[in-house]
Amino acid sequence: MTNQGTDRVKRGMAEMQKGGVIMDVVNAEQAKIAEEAGAVAVMALERVPSDIRAAGGVARMADPTIVEEVMNAVSIPVMAKARIGHVVEARVLESMGVDYIDESEVLTPADEVYHLDKKEYTVPFVCGCRHLGEAARRIGEGTSMLRTKGEPGTGNIVEAVRHIREVNGQVRQLVHMSKDEVMTFAKELGAPYEVLLEIKENGRLPVVNFAAGGVATPADAALMMQLGADGVFVGSGIFKSDDPEKFARAIVEATTHYDDYELIAKVSKGIGTAMKGLEISTIAKEDRMQDRGW
Amino acid sequence: MATIGVLGLQGAVREHVKSIERSGANAVIVKKVEQLADIDGLILPGGESTTMRRLINQYGFLEPLKQFGQQNKPIFGTCAGLILLAKEIVGEASPHIALMDMKVKRNAFGRQRESFEAPLSLKGMNEPFDAVFIRAPYIIEVGDDVEVLATHNDAIVAAKQGPFLCTAFHPELTDDDRLTAYFVKMVEEQKKELAC
């Protein structure tokens, strides 16, 4: 008896990515550079988040031609983004055989009330979160992996730091609660009670939690690992830097050896300038991607 | 007590560490070459084999890992670890650590959507093992000295050759420690042997 699409199979896939870097790419050439540099997976997109931000308008699922091109170019897993709540984009990506779908706030949401029922799919999903409430709701819907939202396309790590500290702080708070306090905590967070109980019993989230949204340098990646991220997504940070190949390699090494400062210094030397960053306060409230998702 | 390392460059490292500890051995995460001198056996965990190989090259792990095996110290590879141990890989010009006489195919069962779990009969175990296959490889052919421990739909998914053990699936994703315990025993016996 063979079972596909079980929790163990879907969550297990994300477990295998731990300690690794997942890189945004927009074509086969970039995908090969990422694979060569040691990425554990690539995210196939039409535009990286900073270009989505610059272009404005509605951001949608990538053209399937790009996704297919990337899938044919590399042997590492390929992820792709669907709009929040867009059942058809998600099903199309699943039918194409992408290895993971990011139900992502980087794209313009298709539904401003509901997320996808991710338990219904054979393909696993990753979703963004800013706090334990969002994390637990997404787990309740069946996500197999989490990532911080950060503030995508800014090259500014401050929001990702806020989000990982918030989630991990709340997990610690939950673990130390007495059981009779959990229901009210669930009510305050808007989180499913059963998911919180499971987290409390195991002492940790049931799925891996990567850092995303603002990682621009090897030191940023190492910082997020020290704060308890299981791995790192780099969106605009690689292919918007001066020397993507060198940047990609350096970020991979800094993620593996996140507490070896001499090594991080060494890999950070002579790799050119990081992407130009954005101060969060200069972004209009309606342009903040992290506020998308419910 | 035996000390078993888990190569900690990338992948499901923590799960192996827990399983080793539950099986009554010391576990250490190996990130630097010099650590190989302090361990009696090594687990190559699941993860992305391409990524691991790049980091293996980067930190000069390849020769020391080969030497570790050539000293007859036990190595257990799961999924990506199986690929690292094979002497021949379909579609690739050169193998990695190349300690086991077998030809393997990467992502042989397909992409993530084809990933699965299934009960598996393992040689020498009475109860089936709940095996989790994730974008898994399988073994196409083995040399005379390789013992086949399990097959799934005629594909070889677990094997042993002297001190080397490998599975295409992920025992570390389950609570079933029988394979880790088996490996711990291999390491303890070999440790005694090598001490003589």
Based on non-hydrogen pairs under 4.5 Å, which of [options] is most in contact with chain B?
options: G5(A), P77(A), G20(A), G12(A); value: P77(A)
options: R249(A), Q17(A), E94(A); value: R249(A)
options: V208(A), T6(A), T256(A); value: T256(A)

Where does [X] contact chain B at under 4.5 Å (heavy atoms): side chain, backbone, both or neither?
X: E253(A); value: both
X: A39(A); value: backbone
X: V74(A); value: neither
X: T255(A); value: neither
X: V40(A); value: both

* Asked: Which residue out of A131(B), S115(B), G46(B), A118(B) racks up the most heavy-atom pairs below 4.5 Å with chain A?
  -> S115(B)
* Step by step, work out the side-chain contact (heavy atoms from CB on, under 4.5 Å) result for R106(B) and S75(A). => CA-CA 9 Å; R106(B) 295 180 59 202; S75(A) 66; 3.1 Å; yes
* **Side-chain ion pair, K31(B) and D260(A), N-O less than 4.0 Å** =>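 Judged by the 4.0 Å cut-off on N to carboxylate O distance, K31(B) and D260(A) do not form a salt bridge.
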[Y] and [X], any side-chain heavy atoms less than 4.5 Å apart:
X: E15(A); Y: R14(B); answer: yes
X: M16(A); Y: L173(B); answer: yes
X: T2(A); Y: F133(B); answer: no

With a 4.5 angstrom heavy-atom cut-off, is it the side chain or the backbone of [X] that approaches chain A, or both, or neither?
X: E114(B); result: both
X: R111(B); result: both
X: Q58(B); result: side chain

* Inspect the surroundings of CG in D175(B) and state if more than 12 heavy atoms from other residues, nucleotides or ligands are less than 6.0 Å away. => no
* Qualifying residue, where the test is salt bridge (charged side-chain N to carboxylate O under 4.0 Å, His left out) with E15(B) and the options are K18(A), R8(A), R11(A) -> K18(A)
